[in-house]
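All figures in this text were calculated on a predicted structure; none of them were measured in a lab.
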Amino acid sequence: MTHRLILGLLLLALAGCASSGMSSNGRPDPGDDYSGADAGTLVYAVGTVRGFGMRFAFPYSRTQALSGETVDDWQGRIRPSVGGAVYLKILNPDFEGFETGHLVTRALPPGRYNIRDFEFFGSGPAGSYGWSSAVPFSIAFTIEPGKATYIGSFMRSLAPPGDTGKIGAAGYFIVANRAARDLLIARERLPSDTVVMEQVTDVDRFGSAVLRSRSLEPADAVP
């Protein structure tokens, strides 16, 4: 990582700028909902650790219909809604604490979906920057008619104080199962008889320095 990139990443956590990826109610806007009678629902949480607002996205797309036909449609981005006048923060969060963020539900056509990359990006006095994964990975999930699929919680964290490893100033992502928290919120938004399937991928197996299943901070700080 260049000095310009590192400086830009630090500025993003501190400098205020306009919000993006936000619907009119101040929550993340992942894309249009599918209106077909065979729709299923994608459920996930997205946000940041300790309330630092940071822009990032995990793009996903439908790669295969349940019939087995290859498709390339119905794309979306798992991304937080951030903004602030002085420093970036999560806007109108559904939950707050060690992790602060939103619970998102989106109606999608049935099929098999994949997340193969992440992005974080922004701009500041040092210029614009962007970063994506250098280590291939695949977070796969299936949407079934009339059911909901929970794929986990996607949080971004700054590197712990004193960290001198590969992660550096860029921080890292925590992709974890927070069903005890997230499904309580989801149940308020889904029909009462909706079957919810949990399909949370263990990202530790990818061997990426920036994809982790738990926080690098002390265990007593992790929910």
Side-chain angles (χ1 to χ4, degrees), residues 8-31 42-60 76-106 115 118-122 124 131 139 148 150-161 163 167-190 196 198 200-201 203 210-223:
L9 289 167
L10 290 173
L11 287 171
L12 180 61
L14 299 174
C17 53
S19 62
S20 67
M22 182 179 67
S23 64
S24 59
N25 63 7
R27 290 181 176 168
D29 184 3
L42 174 64
V43 180
Y44 60 85
V46 61
T48 58
V49 170
R50 298 199 179 282
F52 289 102
M54 294 183 279
R55 287 193 176 92
F56 66 88
F58 282 81
Y60 63 87
R77 277 178 164 73
I78 296 171
R79 59 184 180 182
S81 174
V82 297
V86 179
Y87 60 89
L88 288 178
K89 61 181 180 179
I90 299 295
L91 295 180
N92 302 321
D94 291 317
F95 53 87
E96 297 181 80
F98 181 75
E99 296 179 345
T100 298
H102 302 93
L103 192 285
V104 178
T105 60
R106 183 190 181 193
I115 302 168
F118 61 75
E119 311 161 347
F120 52 88
F121 43 83
W131 194 18
I139 297 176
Y150 171 69
I151 61 171
S153 171
F154 294 74
M155 298 285 150
R156 186 172 163 204
S157 176
L158 293 174
D163 178 80
I167 296 171
Y172 58 99
F173 296 107
I174 304 169
V175 180
N177 190 333
R178 301 281 191 254
R181 176 196 68 200
D182 297 338
L183 295 188
L184 285 177
I185 303 171
R187 289 294 184 189
E188 297 177 355
R189 303 178 185 176
L190 299 171
V196 179
E198 295 183 22
V200 182
T201 298
V203 298
V210 292
L211 288 174
R212 297 176 178 270
S213 64
R214 59 179 298 162
S215 171
L216 292 180
E217 297 194 40
D220 59 0
V222 180

(request) Can you see which heavy atom on Met155 is nearest to which on Thr48, and at what distance? (result) SD-N, 3.4 Å
(request) Identify whether NZ of Lys or CZ of Arg in Arg181 sits under 6.0 Å from the centre of the six-membered ring of Phe95 and within 45° of that ring's axis. (result) yes
(message) Donor-acceptor check, side chain of His102 to backbone of Leu91, threshold 3.5 angstrom: yes or no?
(response) yes
(message) Tell me every residue that passes side-chain contact (heavy atoms from CB on, under 4.5 Å) with Ala176, counting only those two or more places apart in sequence or in another chain.
(response) Ile174, Arg178
(message) Apply side-chain contact (heavy atoms from CB on, under 4.5 Å) to residues Tyr172 and Ser215 and explain how you reach the verdict.
(response) CA-CA 9 Å; Tyr172 58 99; Ser215 171; 3.4 Å; yes
(message) Evaluate Val196 against Leu183 for side-chain contact (heavy atoms from CB on, under 4.5 Å), listing each step before the verdict.
(response) CA-CA 9 Å; Val196 179; Leu183 295 188; 3.9 Å; yes
(message) What's the separation between atom NZ in Lys89 and atom CD in Glu96, rounded to the nearest 0.5 Å?
(response) 9.5 Å
(request) For a side-chain contact (heavy atoms from CB on, under 4.5 Å) with Ile185, tell me which candidate from Leu103, Leu190, Val43 qualifies. (result) Leu103
(request) Check whether the ring centres of Phe118 and Phe56 lie less than 6.0 Å apart, and answer yes or no. (result) no
(request) Search all heavy atoms of Val104 against all heavy atoms of Arg189 and return the closest pair with its distance. (result) N-NH1, 4.5 Å
(request) Sequence neighbours left out, what passes ring pair (Phe, Tyr, Trp, His ring centres under 6.0 Å) with Phe154? Give chain and number order. (result) Phe58
(request) Taking all heavy atoms of Asp182 and all of Ser153, pick out the closest pair and write down the distance. (result) OD2-CB, 3.9 Å
(message) Minimum heavy-atom separation for Pro93 and Thr100, please, with both atom names.
(response) CB-CG2, 3.7 Å
(request) Look up atom CG in Asp94 and atom CD in Glu188, then write down how far apart they are to the nearest 0.5 Å. (result) 9.0 Å
(request) Would you indicate whether the side-chain heavy atoms of Thr201 and Val175 approach each other to under 4.5 Å? (result) no
(request) Please examine the side chains of Val49 and Leu158, heavy atoms only from C-beta on, and report whether any two atoms are closer than 4.5 Å. (result) no
(message) Looking at Glu119 and Arg77, is any side-chain nitrogen of the basic one under 4.0 Å from a carboxylate oxygen of the acidic one?
(response) yes
(message) Using side-chain contact (heavy atoms from CB on, under 4.5 Å), reason through Leu42 and Tyr60 one step at a time and then give a plain yes or no.
(response) CA-CA 11 Å; Leu42 174 64; Tyr60 63 87; 3.7 Å; yes
(message) If I take atom OH from residue Tyr44 and atom CD1 from residue Ile151, how far apart are they, to the nearest 0.5 angstrom?
(response) 7.5 Å
(request) Measure the spacing between CZ of Phe98 and OG of Ser157 and express it to the nearest 0.5 Å. (result) 6.0 Å
